[in-house]
Amino acid sequence: MSTVPTIALNNGVSIPQLGFGVYQVPPEDTKGATLTALEVGYRHIDTAEMYGNERGVGEALRESGLERSEVFVTSKLNNGFHAHDDAIAAFDESLEVLGFDHLDLFLIHWPLPGIDVDFVETWQALEEIYRSGRAKSIGVSNFQANHLRRLVQETEIVPAVNQIEVHPYLTNDDVRAVNTELGIATEAWSPIAQGLVLDDPVVTGIAKDHDRTPAQVVLRWHIQRGDIVFPKSVTRSRVEENFELFDFELSTADMGLITALNKDERTGPNPDEFNWIP
Ligand SMILES: NC(=O)c1ccc[n+]([C@@H]2O[C@H](COP(=O)([O-])OP(=O)(O)OC[C@H]3O[C@@H](n4cnc5c(N)ncnc54)[C@H](OP(=O)(O)O)[C@@H]3O)[C@@H](O)[C@H]2O)c1
């Protein structure tokens, strides 16, 4: 079985660089999919209140026989709960649904820059949660450079991570650079662009050279860039395939060719414009 490297966050907490994402896994299938991932060896699960499947993640962990401390679990504050008291209550609700007494990482899912609650207020609620010890780390998701700079200037705790869309068609290197400058780890969501990048001839060519699959090559590219990834799959063979990333290496030339595929193409919303509340 592969050994997954860990990354030290800015508060000293270790996070496995490879995890398993459960976005778009139906609630009724989440326990099974998560159990499969845990059996394969994943020890990091990325869920969110918005995905409606936190319960299945908690059930899988309990059924797996693993200790809670052996698995790094992230969840996220849903849109619509950005006001201070709502954020605290939503965190409590996530813990209750998961059946946990703490989360390893809790994120603001979207900055929602156009709503009437300032995300600085939301972040101050997460700071309180962190200080209570019930979230071992706190961070943000989909924050742009200007959002990060405001948090750093106006609040006390620097986010441990910023989870943003990154894949070969959206390298997002400007935001990644600001993350690095501020000591924030980058988590790359939709790391294979939900499959969009897997037929690219550059990717398939490099995969052939290494006798690997296109998904393994793209995930390995993320790993060598130093980002944290958690591909999603409900297909056991793919869950296994996506875990086998640590016994081969892309050359500097391969890395450059994949990075050059960037065309600033988002598969998800633009965080500057997204203000959707469920
Ligand atoms: N913070 C945010 O706003 C945000 C937004 C989006 C995602 N995320 C997080 O990032 C995680 C991953 O992103 P994602 O789920 O959007 O997309 P993704 O991991 O890039 O791609 C998932 C899709 O690719 C397929 N797939 C997986 N492995 C494959 C392989 N080896 N070969 C071919 N196809 C493969 C899956 O199909 P099957 O499942 O049918 O096998 C699924 O359709 C999410 O689960 C979530 O945790 C966060």
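Model, not experiment: these values are computed from the prediction. Just follow the structure's listing: the first ligand is 1, and inside any ligand the first atom is 1. All residue numbers refer to positions in the sequence shown, counting from 1. What's counted below: heavy atoms across the whole structure, side chains too, no hydrogens, waters or symmetry copies.
- Looking only at protein heavy atoms, the nearest one to atom 44 (C) of ligand 1 is Tyr23 CB, 3.3 Å.
- With respect to atom 37 (O) of ligand 1, the closest heavy atom belonging to the protein is Arg238 NH1, 3.0 Å.
- For Ser233, heavy-atom contacts with ligand 1 shorter than 4.0 Å involve the backbone as well as the side chain.
- When atom types are taken as modelled, the side chain of Glu165 and the backbone of Thr267 share a donor-acceptor pair closer than 3.5 angstrom.
- Here His222 pairs with nothing under the ring pair (Phe, Tyr, Trp, His ring centres under 6.0 Å) rule; sequence neighbours left out.
- Counting only distance, with no hydrogens or angles, the side chain of Asp104 and the backbone of Ser14 share no donor-acceptor pair below 3.5 Å.
- When heavy-atom distances to ligand 1 are checked against a 4.0 Å cut-off, Thr267 has no atom that comes that close, whether in backbone or side chain.
- For His109 and Phe81, the ring centers sit 6.0 Å or farther from each other.
- For atom 28 (N) of ligand 1, the closest heavy atom belonging to the protein is Asn242 ND2, 3.0 Å.
- Not a single ring pair (Phe, Tyr, Trp, His ring centres under 6.0 Å) links Trp123 to another residue, sequence neighbours left out.
- Proximity of Val22 to ligand 1, defined as any heavy-atom pair under 4.0 Å, is confined to the backbone N, CA, C and O atoms.
- Residue contact check for ligand 1: Gly268 places no non-hydrogen atom closer than 4.0 Å to it.
- Salt bridge Arg220/Asp254: absent, no basic N to carboxylate O contact under 4.0 Å.
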